[in-house]
Amino acid sequence: MTSMSRARVARRIAAGAAYGGGGIGLAGAAAVGLLLAEVQLARRRVGIGTPDRVPNARGLYGGTLPTAGEAPLRLMMLGDSTAAGPGVHRAGQTPGALLASGLAAVAEQPVELDSVAQPGACSDDLDRQVALVLSGSGRVPDICVIMVGANDVTHRMPATRSVRHLSGAVRRLRTAGAEVVVGTCPDLGTIERVRQPLRWVARRTSRQLAAAQTIGVVEQGGRTVSLGDLLGPEFAKNPRELFGPDNYHPSAEGYSTAAMAVLPSVCAALGLWPAEEEHPDALRREGFLPVARAAAEAASEAGTEVAAAMPTGPRGPWALLKRRRRRRVAEAEPTSPSGV
């Protein structure tokens, strides 16, 4: 599918989500049904590992940094297993811990990490997760990172419904005062035991949802980072290194790859990224585009960020497309006991 075709599909899905439509699918029902069966069969064939085990990474990162009397930055993880980090052995290998450690280093300020992400969750679980985040007695998180979408595809959730729940979650968090960065739907075509032609269906479906998610998120004041095309080629080349024991969830190295992609956008959302990198670089094909076109391009390229940039124009909302440099994030451990 071309970038322009994906932009048109994404625009239709986002419009359906905004105006209450529910029947716009991502691909033929029969094809997606076969894809779901193939994914489930792949997981049964493997049958090893502990994919649902999630180490408790909650806690304070960078606790030895000076605070100047200020409260630590608050980072909250929401979404599915990509945000939670099942299957790794140590808390420091989870995406939240990697992001908290990297953010603390960039900000030169301690970061308090918490998570309501749930392995196996679809986008409709974000309603519950956001309620947990906003009902606590503590202050609203400074930054919320949401990673969601894969289960929406395999559970055949209509794309409009998926985007509607995600957009609503971003709107509630932004209204409460939190910055929001969303890692869009990963590429299900990288699952090793999903074969052609279903691998093509999985890749096409994942990218369509990722582009539609981007439109919905940007229109609510959040920003997105493409995970699908980032993880796709690297997972395909190194499946034994980047997939975990169940050959379905990422390994510690896979989670680190995702965290590297998201960290620059997290820092930029908080105003912590170098100012010279905030200007679009024509040599890296960055710039201002209609949001649907930016969303389609982001779904096709590794680690691409899309954020709102201009008011609505003749061709709809505009966005800034950035291809931020990814930086290695070392495994981290909290500097205070977990269980915050």
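Here the structure is a predicted model, which means the values were calculated and not measured.
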Report the C-alpha distance between Thr175 and Arg172 in whole Å, list the side-chain angles of each, state the deciding distance to 0.1 Å, and finish with yes or no for side chain to side chain contact (heavy atoms under 4.5 Å, CB included).
CA-CA 5 Å; Thr175 299; Arg172 291 169 64 190; 5.8 Å; no
Under the 3.5 angstrom rule, does the side chain of [X] hit a backbone N or O of [Y] as a donor-acceptor pair?
X      : Y      : value
Gln109 : Leu103 : no
Tyr61  : Gly102 : no
Ser101 : Ala97  : no
Thr214 : Thr224 : no
Gln93  : Arg90  : yes
Arg223 : Val306 : no

What I'd like to find out is whether the side chain of [X] reaches to under 4.5 Å of the side chain of [Y], using heavy atoms alone.
X      : Y      : value
Lys322 : Thr304 : no
Trp318 : Val291 : no
Val262 : Val181 : yes
Ile143 : Leu73  : no
Val225 : Thr184 : no
Val148 : Thr82  : no
Leu78  : Cys144 : yes
Asp80  : Pro119 : no

Taking atom [atom1] of [X] and atom [atom2] of [Y], what is their separation to the nearest 0.5 Å?
X      : Y      : atom1 : atom2 : result
Ser123 : Leu166 : OG    : CG    : 5.5 Å
Arg204 : Leu209 : CZ    : CG    : 13.0 Å
Ser135 : Arg128 : OG    : CZ    : 10.5 Å
Ser162 : Gln213 : OG    : CD    : 5.5 Å
Arg174 : Ser167 : CZ    : OG    : 13.5 Å
His165 : Thr160 : NE2   : OG1   : 9.5 Å

Evaluation steps, side chain to side chain contact (heavy atoms under 4.5 Å, CB included), between Leu99 and Met77
CA-CA 10 Å; Leu99 285 172; Met77 301 296 294; 4.0 Å; yes
Nearest heavy-atom neighbours spanning [X] and [Y]:
X      : Y      : result
Leu272 : Ala107 : CD1-CB, 3.6 Å
Arg161 : Met157 : CD-CG, 4.0 Å
Ala169 : Leu126 : CB-CB, 4.0 Å
Ala83  : Ala117 : CB-CB, 3.8 Å
Val218 : Ala307 : CG1-C, 4.0 Å
Ser206 : Cys185 : O-CB, 3.9 Å

If two hydrophobic side chains count as joined below 4.5 Å and joins carry through other members, does [X] share a cluster with [Y]?
X      : Y      : value
Met76  : Val217 : yes
Val140 : Val133 : no
Val145 : Leu134 : no
Leu132 : Leu113 : no

So among Asp142, Leu75, Val106, which one has a side chain to side chain contact (heavy atoms under 4.5 Å, CB included) with Val111?
Leu75
Apply the test side chain to side chain contact (heavy atoms under 4.5 Å, CB included) to residues Leu173 and Val130: give CA-CA distance (whole Å), side-chain angles for both, the deciding distance (0.1 Å), then the verdict.
CA-CA 7 Å; Leu173 292 169; Val130 171; 4.0 Å; yes
Does a side chain donor of either Ser265 or Glu305 reach within less than 3.5 Å of an acceptor in the other side chain?
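Ser265 vs Glu305: donor-acceptor pair found between side chains.
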Take Glu112 and Arg58, measure what salt bridge (Lys or Arg N to Asp or Glu O under 4.0 Å) needs, and give me the verdict at the end.
CA-CA 8 Å; Glu112 180 185 323; Arg58 297 177 178 88; over 6 Å; no
Holding to side chain to side chain contact (heavy atoms under 4.5 Å, CB included), I want the full list of residues that pass it with Pro280, two or more places apart in sequence or in another chain.
Glu286, Phe288, Leu320
